[in-house]
Undergrad: 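The structure under discussion is supplied below as C-alpha cells; questions concerning it will follow.
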There are 2 protein chains.
Amino acid sequence: MSEPTPAPPARRTRIAAQDRRDLILAAAARRFAEFGFEATTVRQLADDVNILSGSLYHHFATKEDILDAIVRQPALDQRDRALRIAALPVDAETRAVTLLEADLVAFTERQEAYAIIFAERKFFRRSDQFHFVTLARRDAFEAWRTILRDGAEAGQFRADVDLYLTISTIMRMLNTGADWYRNEDGSPIDVMKSYSLEELGNFYKGFVLSSIRAPGRAGEPMPQAAAFD
Amino acid sequence: MSEPTPAPPARRTRIAAQDRRDLILAAAARRFAEFGFEATTVRQLADDVNILSGSLYHHFATKEDILDAIVRQPALDQRDRALRIAALPVDAETRAVTLLEADLVAFTERQEAYAIIFAERKFFRRSDQFHFVTLARRDAFEAWRTILRDGAEAGQFRADVDLYLTISTIMRMLNTGADWYRNEDGSPIDVMKSYSLEELGNFYKGFVLSSIRAPGRAGEPMPQAAAFD
DNA sequence: GTCTATAAGTAGATAGAC
DNA sequence: GTCTATCTACTTATAGAC
C-alpha cells in the first residue's frame, strides 16, 4: 500500500524561470540605462538577482540576448507608432502633436529601454544582430518627414522648414528629454522641480510648434492629439 | 684632440615625447568620441600610434589621465565662455544669441572633446577626478539662467518661460547637435546634406528664439552676436 | 534552476632590458 | 622612449554535479 500523498514541499525559495528572467531583465534595463551596455558585466546582473553568473546562462544564451529582449519591442513600437500616426486622416499639425505626445508618453513609461536605444545607437549601428533598431529609428524619421512635408504643403508650417535639421533636432530633444525626465541629469538645480507628463508635453509641443508654424499662425490654439489605436 | 663635431645622427624613426603624446591624445579623442571611454582599451590606443601598450605608460600614468588631458580645457572653456557672455553689458537676447553661437562654434571645432564631455556625463558624475566637469557644466547652466531671467524681466522673452526645461533642452540640443554635425548620426537620409556652420547657427537661433520671445516680437530681426573676448 | 569549478581570453598596469 | 615579458584581476561563457 502506498503512503498517503505527502503535502507538497515548501518551495518558498524556488523561483520560476519566467520570474527570474523578468528580474534579470529589470536589473539589466536599469544598469544598461545607467552605465551602458558594455560597462555592465553579467556578474553584476547575476548579483542583482542573487544568483551566480553561470546560472544566468540558463535564462539567456548571451549578454546580447538580454539587451535584445529589452530593446526589441520598444524599438518596433516606436516605428509602428510613427507610421500609423503619420498615416492618420487628419491635418499635419494634429499628426505632429499626436506623434510628439505619443513618443513622449512611451519614452517616459519605458524610459530605460528608450534611453538605452538612444545611448547605444552607435553600438547598434555596427552590429548585425541589432540592425533592426537602426532601421526602426530610420522609419520613424521618415514618418516625421511625411508629416512635416504635408504641413508645409498645406500652409500650416513654414515653407522653408529644414526637414532634416528639424526632425533630427526634435528626435534628439525627445530622446534625451525622456532620459533626463526620470534620471535628473545631474542638472544644476538646488530644488528638484518635478514635472507632470502633461507639463512636459505642453512644453515640447510649444517649443516645436513655435518654430515650425507658418508666420501669423503663432496665436492659434494647439490642436488636441488624435486617437491612433 | 677632440674629433670634429659629428653630424647629428639621423633620427627619422625617433619621435619626440611631446609628438607621441599628441598622437596618443588625438587617437584617444577619436576613439572615446566614437565608442566611449570605457569601451576603448589602452591596447587600441597603442596600436593606433604604433607602439605597444606598455610604452603608453611612459606618456600617461593611467587611462583616466588621457581622458583628463582631452576634456579638462574644453570643459573649463565652456564655463568661462558662458560666464563672460552672461556678464556682457548688452541686452539679454543678444547675450543668448552670442552664447548659443559661441558654444556651437566651440562644439564644432572641438567636436570630439565636447561629444565625450556630453556622452560620458554619467561617468564624470560618479568620479572624483572628473568632478570638475560636472561643476563646469553646472556653471554654464547658471549662466544661461541669468540670461533668460534677465530677458524675461526686460520683456524680451515670455514671462512664463520655464527656465529649467528651456535651458536643459537648449543645452542638450546643442551638445547632441554638435555630435551629429560631424558624425552623421546614422540618420536616415539618402543624400547626405552638408550644412555650413552659419546655416546651423541660424537654425538653432531661430529654433530657440521663436519659442522664448515675448508674443509680438516674432518678426523682429535676429540680433548680431556681440564680441566677448 | 542553481551550484561549483573552470576555460579562454582580455583588461589596466608594471619591471627592467636596451 | 620603446620593447619584452608578465602580473593580477576580471571578462563572457561552458560543463557537469546536485
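Chain A is the first sequence line, chain B the second, and so forth, proteins listed ahead of strands; every chain is numbered from 1.
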Undergrad: Does the side chain of B:H58 get closer than 4.0 angstrom to OP1 or OP2 of D:dG1 through an N or O atom?
TA: yes
Undergrad: Would you kindly give the CD1-to-C1' distance between A:I24 and D:dA13, to the nearest whole Å?
TA: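 In whole Å, D:dA13 C1' and A:I24 CD1 are 15 Å from each other.
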Undergrad: What residues, two or more places apart in sequence or in another chain, satisfy side chain to side chain contact (heavy atoms under 4.5 Å, CB included) together with A:A143?
TA: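 Per chain and number, A:A143 pairs via side chain to side chain contact (heavy atoms under 4.5 Å, CB included) with A:A82, A:L83, A:A86.
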Undergrad: Tell me if the centroids of the rings in A:F124 and A:F132 come within less than 6.0 Å of each other.
TA: no
Undergrad: Please state whether the phosphate of D:dG1, meaning OP1 or OP2, lies under 4.0 angstrom from any side-chain nitrogen or oxygen of B:R21.
TA: no
Undergrad: Take atom CG of B:L56 and atom C1' of D:dC3, then tell me their distance rounded to the nearest Å.
TA: 13 Å
Undergrad: Between B:T169 (side chain) and B:L165 (backbone), is there a donor-acceptor pair under 3.5 Å?
TA: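 Here the side-chain-to-backbone pair exists.
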Undergrad: Tell me the interatomic distance from A:F60, atom CZ, to C:dG1, atom P, rounded to whole angstroms.
TA: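 My rounded result for the distance is 13 Å.
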Undergrad: Taking atom C1' of C:dC3 as reference, at what distance in whole Å does atom CZ of A:R20 sit?
TA: 12 Å
Undergrad: Starting at CG of B:L52 and ending at C1' of D:dT6, how long is that distance when rounded to a whole Å?
TA: 13 Å
Undergrad: If you take the centroid of each ring, where Trp contributes its six-membered ring, are B:F203 and B:Y195 closer together than 6.0 Å?
TA: no
Undergrad: Show me the protein contacts with nucleotides 12-14 of chain C, counting only N or O atoms at under 3.5 Å.
TA:
unit_1 : atom_1 : unit_2 : atom_2 : d
C:dG12 : OP1    : B:T40  : O      : 3.4
C:dG12 : OP1    : B:K63  : NZ     : 3.0
C:dG12 : OP2    : B:V42  : N      : 2.9
C:dG12 : N7     : B:R43  : NH1    : 3.2
C:dG12 : O6     : B:R43  : NH2    : 3.4
C:dA13 : OP2    : B:Y57  : OH     : 2.9
C:dA13 : OP2    : B:K63  : N      : 3.0

Undergrad: Can you find a side chain N or O atom of A:H59 that sits less than 4.0 Å from OP1 or OP2 on C:dT2?
TA: yes
Undergrad: Is there a side-chain contact between A:W144 and A:M171 (heavy atoms, below 4.5 Å)?
TA: yes
Undergrad: Take the protein atom CG of B:D47 and the nucleotide atom C1' of C:dA11, then report the distance between them rounded to whole Å.
TA: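 So the two atoms are 14 Å apart, to the nearest Å.
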Undergrad: Between B:F141 and B:Y164, is the ring centre distance below 6.0 Å?
TA: yes
Undergrad: For the side chain of A:I51, counting heavy atoms from C-beta on, which of D:dT2, C:dC3, D:dC3 is nearest?
TA: C:dC3
